[in-house]
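Scroll down for the structure; my scribbles are underneath it.
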Amino acid sequence: MLNRLLTSLALLPSICFGATISHRTADNHLWIENGSLSIMDIERIEKVLHANTSIETIHLRDLRGGNPLHARFVLRGAFAFRQVEVHGACAAACAYLALTARAPVLHGDATITLGPGALVFSQWLLEPSWQDTQDWIADRLPTVPTAFIKAVLSSHGAHERQLVMHPARGRTGLIAVRYCDPAPDKCRLLQYIQPGASRLVVAPGEGSDRD
């Protein structure tokens with residue numbers, strides 16, 4: 001049986017309500033889960049990956065909130081050349097980290113949610129711009145009409161729009177994309193992404209019970 005003992009990285013400071021960051025030494029997997037990715041969390045993750053170059057796979061599980069653009073620009077190098085696997089909910093900063101990977105793997109229970117949070121931070125980051133963010137997402141999700149990406153990024157306040165993506169029903173390898181306007185109450189199926197048509201990949205042999 002695989003030794004699932006998690007060695008906590010106690011040398012790094014923890015913060016209240018922050019994500020749990022742990023390194024499973026048995027197979028060099030990094031797990032980031034159960035919280036919101038704050039700026040401090042992102043800096044902790046960067047330190048962990050820098051100090052443990054043998055880490056080959058990063059798991060993102062049940063992560064919501066956080067600073068999407070900060071996550072993207074601080075961790076893009078570390079995530080781009082490692083395998084990234086998504087479990088459970090992955091929204092805001094987590095969604096951007098997943099899309100940073102070369103071929104992020106979605107397990108059957110995974111849901112990636114893109115919302116308008118990026119614009120909250122674009123005012124004070126020098127490199128990214130609104131158009132850059134839209135183009136960056138469109139490059140990773142080329143079958144999703146740009147108009148819907150733009151609508152999501154430009155929404156704000158009580159009328160928030162979202163793109164929600166998850167493995168489709170069965171073991172087809174398809175990824176269902178829903179457009180929510182407003183989120184989360186009014187969502188409709190926008191399309192199914194075919195295998196190989198985006199960066200997203202469904203885990204082999206896995207699917208979901210969702211359409």
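Just so you know, residue 1 is the first one in the sequence shown, and it goes up from there.
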Same apolar cluster: Leu190 and Val202, side chain cutoff 4.5 Å: yes

Distance, nearest 0.5 Å, that separates CD1 of Ile32 from CG of Leu75: 7.5 Å

Verify same cluster id: Ile149, Leu69 (apolar side-chain graph, 4.5 Å): yes

Leu63 and Leu97, any side-chain heavy atoms less than 4.5 Å apart: no

Validation row: Arg140, Leu200 side chains within 4.5 angstrom (heavy atoms): no

Hydrophobic cluster identity match, Val86 and Tyr192, side-chain contacts under 4.5 Å: no

Non-hydrogen side-chain atoms of Leu189 and Val177 separated by less than 4.5 Å: no

Test log, rule side chain to side chain contact (heavy atoms under 4.5 Å, CB included), inputs Ser38 and Asn67: CA-CA 6 Å; Ser38 68; Asn67 185 325; over 6 Å; no

Donor-acceptor pair between Arg210 and Thr111 side chains, under 3.5 angstrom: yes

Spacing of CH2 belonging to Trp136 relative to CZ belonging to Arg72, to within rounding of 0.5 Å: 5.5 Å

Residues in side chain to side chain contact (heavy atoms under 4.5 Å, CB included) contact with Asp135, at least two apart in sequence or another chain: Gln131

Asp62 side-chain N/O to Ala89 backbone N/O, donor-acceptor pair under 3.5 Å: yes

Residue pair Pro116 / Ser154, side-chain heavy-atom distance below 4.5 Å: no

Value rounded to 0.5 Å, distance of CZ in Arg61 from SG in Cys94: 12.0 Å

Over 12 foreign heavy atoms within 6.0 Å of CZ, Arg171: no

Exam field: side chain Arg161 to backbone Ala151, donor-acceptor pair closer than 3.5 Å: yes

ILVMFWY network linking Val105 to Tyr96, side-chain heavy atoms under 4.5 angstrom: no

Leu60 and Phe79, any side-chain heavy atoms less than 4.5 Å apart: yes

Residue pair Gln83, Ile58: steps toward the side chain to side chain contact (heavy atoms under 4.5 Å, CB included) verdict: CA-CA 6 Å; Gln83 181 169 333; Ile58 302 170; over 6 Å; no

Parallel, tilted or perpendicular: ring planes of His59 versus His87, cut at 30 and 60 degrees: tilted

Heavy-atom pair of closest approach, residues Arg199 and Thr100: NH1-O, 3.6 Å

Nearest heavy atoms of Pro167 and Ala110, plus distance in Å: CD-O, 3.4 Å

Contact check, side chains of Leu174 and Pro195, non-hydrogen atoms, under 4.5 Å: yes

Interatomic spacing from OG in Ser198 to CG in Leu99 - rounded to 0.5 Å: 8.5 Å

Spacing of Ser36 atom OG and Asp41 atom CG [to the nearest 0.5 Å]: 7.5 Å

Check: Ile193 main-chain N/O paired with Thr143 side-chain donor or acceptor under 3.5 Å: no

Check: Val144 and Ile137 side chains under 4.5 Å, non-hydrogen atoms: no

Closest non-hydrogen atom pair between Gln191 and Pro145, with its separation: NE2-CD, 3.9 Å

Heavy-atom side-chain contact between Leu49 and Arg82 under 4.5 Å: yes

Same apolar cluster (I L V M F W Y, side chains within < 4.5 Å links), Leu37/Ile55: yes

Separation of His166 NE2 from Leu106 CG (nearest 0.5 Å): 10.0 Å

Closest non-hydrogen atom pair, Glu206 against His107: OE2-ND1, 2.9 Å

Shortest non-hydrogen contact from Gly66 toward Ala93: C-CB, 4.0 Å

Shortest non-hydrogen contact from Thr146 toward Ala138: OG1-CB, 4.5 Å

Leu163/Thr113 under side chain to side chain contact (heavy atoms under 4.5 Å, CB included): CA gap, chis, key distance, verdict: CA-CA 6 Å; Leu163 285 173; Thr113 303; over 6 Å; no

